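Notes follow the structure.
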There are 2 protein chains.
Amino acid sequence: MNVHIITIGDELLIGQVIDTNSAWMAQELEKEGFQVIRKTTVGDVEKNIQEALDTAISQAQIILLTGGIGPTKDDITQKTLCNYFNCHTYFSEEVYQNIHTLFSASGKEINPLTRRQAIVPDKCTIIQNKVGTAPCTWFEENRKILISMPGVPHEMKWLMTHEIIPRLKKQFRQNLFIHHKTTWISGFTESMLATQLAPFEKQLPPHIKLAYLPQPGLIRLRLSVYTNEETTAIQTITEQNEKLHQILNGHILAKEDKPLEEQIGETLLARKLTIGTAESCTGGRIAAMLTSIPGSSRYFTGSIISYNNNIKHHLLGVSPSDLSHYGAVSRQVVEQMARGAIHALGCTCAVSTSGIAGPSGGTPQKPVGTTWIAVAHHNNIISRCHHFTSTRETNQAHAANTALLMLLELIRKA
Amino acid sequence: MNVHIITIGDELLIGQVIDTNSAWMAQELEKEGFQVIRKTTVGDVEKNIQEALDTAISQAQIILLTGGIGPTKDDITQKTLCNYFNCHTYFSEEVYQNIHTLFSASGKEINPLTRRQAIVPDKCTIIQNKVGTAPCTWFEENRKILISMPGVPHEMKWLMTHEIIPRLKKQFRQNLFIHHKTTWISGFTESMLATQLAPFEKQLPPHIKLAYLPQPGLIRLRLSVYTNEETTAIQTITEQNEKLHQILNGHILAKEDKPLEEQIGETLLARKLTIGTAESCTGGRIAAMLTSIPGSSRYFTGSIISYNNNIKHHLLGVSPSDLSHYGAVSRQVVEQMARGAIHALGCTCAVSTSGIAGPSGGTPQKPVGTTWIAVAHHNNIISRCHHFTSTRETNQAHAANTALLMLLELIRKA
């Protein structure tokens with residue numbers, strides 16, 4: 001079954017908000033064999049929404065809409081759908097009851113605008129939104145299904161998980177099987193890797209696709225299969241994936257598409273190690289990434305973010321004479337920061353960063369992007385200087401990513 | 001001039017990568033009066049790309065494509081464009097020279113696959129990509145312009161800034177004027193705010209639109225104007241914006257659409273204050289947000305991330321008996337953390353967090369999402385308990401956001 005996702009909202013079109021909903025929706029739909037073939041974003045303009053609906057209905061069986069169904073005047077999705085499907089509206093007691101329950105729980109009063117959320121189109125199924133005031137509407141016409149949901153991420157996720165995907169599964173017995181296997185590779189440029197993999201790519205069966213997703217310091221290789229023969233498909237993609245791993249033996253960072261911080265967490269737990277960070281230029285990004293993983297308190301002890309050199313000295317024990325002689329962005333300082341973190345934070349491993357994120361602060365000797373990173377396990381310490389060449393935001397992100405890559409390399413050998 | 005953005009890549013369609021390019025592109029285009037009317041995402045499938053091109057060309061004057069022009073087999077955008085515009089290809093010495101320069105600088109060798117990036121379509125203008133191997137192609141047919149760029153964000157941004165926007169500006173003397181004014185409001189639900197603003201909305205001139213963008217703890221109100229009468233447009237939107245500010249006086253968090261961390265930075269600088277953080281459940285997120293601002297080293301001293309209670313005690317001076325008596329997630333502990341941060345980090349203000357981010361760790365008395373936050377300026381300290389009700393990721397993000405809101409409130413009065 002093919003799906004077209006339409007996200008609606010001027011804020012998406014003018015770039016004031018980044019659409020993260022559609023990526024999540026696609027992942028959840030794929031797990032059940034529904035394939036997203038296109039995504040469209042339009043503003044809150046009736047004509048443009050209608051045109052997007054026309055295109056979507058001509059291409060897909062299922063059309064999922066998010067956004068534009070709030071209580072305020074700028075939200076016109078529901079009105080547009082009413083006109084599109086020639087509906088009338090009525091006051092739904094059931095929706096009103098749901099709003100009432102939600103508002104009572106938080107002690108808020110229902111005003112006329114909120115009450116209006118209970119006025120819904122006929123000619124569609126109303127699906128209760130237990131976590132928000134705007135209900136979900138489900139239209140069926142000429143064997144096409146069109147579902148309109150709120151754009152608020154946690155409301156959309158609740159509706160997709162509890163209502164929409166279960167109902168779609170019930171309605172369509174899927175015979176499409178979608179499966180991806182992703183491997184993380186280091187030590188190659190994209191073209192070097194593609195050259196090495198040319199014979200492998202040539203022998204791939206036609207229903208298996210190989211994709212290259214380069215990012216700083218690594219390439220994600222994805223094998224994908226779309227088929228209706230589940231048993232043989234799993235066997236074939238597994239065989240091909242193993243072949244790939246044999247060819248790239250020694251360059252594999254991960255055999256699953258897992259965030260670095262999750263791989264690090266698993267390795268730390270398996271080896272009974274703990275981690276702390278001493279961050280300057282990354283300003284807490286590494287700690288934030290490590291603590292994004294549920295259960296990270298089992299191996300993450302804490303961090304010292306030392307923007308100020310006094311903190312580098314007082315809390316991390318960096319020598320003031322080294323600070324003034326070599327500068328804060330130096331091997332000497334970053335190594336002392338890592339050692340100091342192990343001592344001050346009571347962990348067995350540490351990662352430290354000191355660099356010039358920019359846009360200012362660069363010198364001819366140490367231009368913006370110059371970044372020292374150290375990783376340490378007890379007395380074993382490795383440090384490297386990297387030269388990032390982008391904006392502050394990207395330099396900070398690259399530094400954090402590189403630090404985690406260095407850390408994973410170290411603890412895998414620990 | 002209307003723009004349609006097409007982003008190409010299976011990784012976008014299956015949700016493996018979130019599209020951040022198109023939001024950035026829209027913002028940059030709008031500044032010059034180019035209006036993005038639609039965005040489409042398709043996979044690496046020739047037929048689907050062609051259909052997207054047909055739709056885009058029928059609706060917009062300018063079509064911007066990103067993605068699918070790397071050196072590997074899965075990238076088919078250029079081949080598709082060649083077929084679409086009936087082109088032949090040739091080897092471009094100029095593109096090859098650019099690749100050569102890039103590879104020499106980083107000491108890499110050009111392999112045949114990379115060399116192939118210099119084979120480009122005729123019937124188009126080739127624009128050199130000085131920061132990557134894949135050139136940009138610029139097609140013109142029947143008064144429509146179609147431009148294909150790499151999907152790698154920093155390459156796309158370089159090309160847009162240095163080549164594409166300047167060329168578009170030269171070619172089209174724009175007479176469309178687009179302007180937005182965004183105000184941040186706190187203390188309202190969306191429907192309460194809309195009810196209060198109903199008379200204001202009613203009197204708005206037809207070419208000015210008001211939009212509501214709710215997010216945890218605040219609502220962003222955006223006034224937008226699209227017009228060809230620049231002088232009167234600026235005057236009208238400024239007048240309406242001032243009217244809005246008068247109505248909402250006392251509820252205004254910010255009169256510009258600036259990240260909280262930027263507003264905090266400006267306030268700290270203006271009042272000659274410095275800031276440090278003591279974070280538990282937010283794990284470094286607040287520090288990362290504060291240090292994302294260029295020049296933050298002028299007011300941000302550092303942080304102590306104390307996941308482990310030993311660190312709360314040893315580095316922040318939290319009383320062990322209070323930790324065991326009240327628990328780490330308590331008013332007593334979070335206030336001592338804030339005081340401890342001011343002392344240990346040598347700053348005049350501090351923010352601290354301690355909560356249960358989840359998914360595990362909750363108890364009947366302190367369910368997942370329970371979060372204590374304190375903000376302090378010298379001896380003045382304010383603490384509050386919040387109850388977030390989402391996933392770990394969202395609870396952490398809400399806690400960081402709420403902490404910054406509390407901090408802004410405090411330092412504005414300092």
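In the text below, chain A, chain B and the rest are named by the order of the sequence lines, each starting its count at 1. A quick note: this is a predicted structure, and the numbers were derived from the prediction, not measured.
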Exercise for the section: Can you measure from CD (A:Gln196) to CG (B:Leu113) and round to the nearest 0.5 angstrom? Expected result: 12.0 Å
Practice task
Would you mind checking which part of B:Arg392 comes under 4.5 Å of any heavy atom in chain A, side chain (CB onward), backbone (N, CA, C, O), both or neither?
Solution key: side chain
Problem - Side-chain heavy atoms of A:Thr55 within contact of B:Arg38, under 4.5 Å - result: yes
Completion exercise
Cut-off 4.5 Å, heavy atoms of chain A, and the answer for B:Glu393 is neither
Practice task
Would you mind checking which part of B:Ile293 comes under 4.5 Å of any heavy atom in chain A, side chain (CB onward), backbone (N, CA, C, O), both or neither?
Solution key: backbone
Practice task
Heavy-atom distances under 4.5 Å only: say whether A:Thr394 touches chain B with side chain, backbone, both or neither.
Solution key: neither
Practice task
Would you mind checking which part of B:Val45 comes under 4.5 Å of any heavy atom in chain A, side chain (CB onward), backbone (N, CA, C, O), both or neither?
Solution key: side chain
Exercise for the section: State the NE2-OG1 distance between A:His154 and B:Thr391, to the nearest 0.5 angstrom. Expected result: 10.0 Å
Problem - Validation row: B:Thr291, A:Arg285 side chains within 4.5 angstrom (heavy atoms) - result: yes
Problem - Part of B:Ser292 within contact of chain A (heavy atom distance under 4.5 Å) - result: both
Fill in the blank from the handout: Exactly one of B:Asn111, B:Thr114, B:Thr72 clears side chain to side chain contact (heavy atoms under 4.5 Å, CB included) with A:Thr195, and that residue is B:Asn111
Problem - Contact check, side chains of A:Lys108 and B:Thr189, non-hydrogen atoms, under 4.5 Å - result: yes
Exercise for the section: Could you tell me which portion of A:Ala52 (side chain, backbone, both or neither) has an atom closer than 4.5 angstrom to a non-hydrogen atom of chain B? Expected result: both
Handout entry: Side-chain touch A:Arg222/B:Asp74, heavy atoms, less than 4.5 angstrom
Key = no
Exercise for the section: Please flag which part of B:Ala357 lies under 4.5 Å from any non-hydrogen atom of chain A: side chain, backbone, both or neither. Expected result: neither
Fill in the blank from the handout: To the nearest 0.5 Å, atom CG of B:Leu345 lies from atom NE2 of A:His314 at 11.5 Å
Handout entry: Salt bridge present between A:Asp44 and B:Lys209 (N-O < 4.0 angstrom)
Key = no
Practice task
Please look at B:Leu12 and chain A and tell me whether the side chain, the backbone, both or neither of the residue comes under 4.5 angstrom of a heavy atom of that chain.
Solution key: backbone
Practice task
Please examine the side chains of A:Asp10 and B:His180, heavy atoms only from C-beta on, and report whether any two atoms are closer than 4.5 Å.
Solution key: no
Practice task
May I ask you to check whether B:Gln16 and A:Thr182 show a side-chain donor-acceptor distance below 3.5 Å?
Solution key: yes
Fill in the blank from the handout: Rounded to the nearest 0.5 angstrom, the SG-CD1 distance for A:Cys347 and B:Ile311 is 7.0 Å
Problem - Nearest-0.5 Å distance that lies between atom CG in B:Asn310 and atom OG1 in A:Thr301 - result: 9.5 Å
Problem - chain A contact via B:Leu213 - side chain, backbone, both or neither, heavy atoms under 4.5 Å - result: side chain
Problem - Trace of the side-chain contact (heavy atoms from CB on, under 4.5 Å) decision for B:Arg220 with A:Glu11 - result: CA-CA 11 Å; B:Arg220 291 192 282 170; A:Glu11 69 279 12; over 6 Å; no
Exercise for the section: Counting only heavy atoms closer than 4.5 Å, note whether B:Leu210 contacts chain A via side chain, backbone, both or neither. Expected result: backbone
Practice task
Please state whether the side chain, the backbone, both or neither of B:Met192 comes within less than 4.5 Å of a heavy atom of chain A.
Solution key: both
Exercise for the section: Name the region of A:Leu315, side chain, backbone, both or neither, that has any atom closer than 4.5 Å to a heavy atom of chain B. Expected result: side chain
Completion exercise
Pair count under 4.5 Å, heavy atoms only, with chain B: among A:Asn48, A:Ile37, A:Thr41, highest is A:Thr41
Problem - Side chains of A:Arg115 and B:Ser191 in contact at under 4.5 Å (non-hydrogen atoms) - result: no
Practice task
Measure B:Gln117 against the heavy atoms of chain A and call it side chain, backbone, both or neither at under 4.5 Å.
Solution key: neither
Exercise for the section: Identify which part of A:Gln59 has an atom lying under 4.5 Å from any heavy atom of chain B, answering side chain, backbone, both or neither. Expected result: side chain
Handout entry: Proximal component of B:Asp257, with respect to chain A [non-hydrogen, under 4.5 Å]
Key = side chain
Problem - Spacing of OG1 belonging to A:Thr7 relative to NZ belonging to B:Lys39, to within rounding of 0.5 Å - result: 8.0 Å
Handout entry: Distance-minimising heavy-atom pair for B:Ile18 and A:Asp19
Key = CG2-O, 3.8 Å
Fill in the blank from the handout: Okay, B:Ile304 and chain A: the region with an atom under 4.5 Å from a heavy atom over there is both
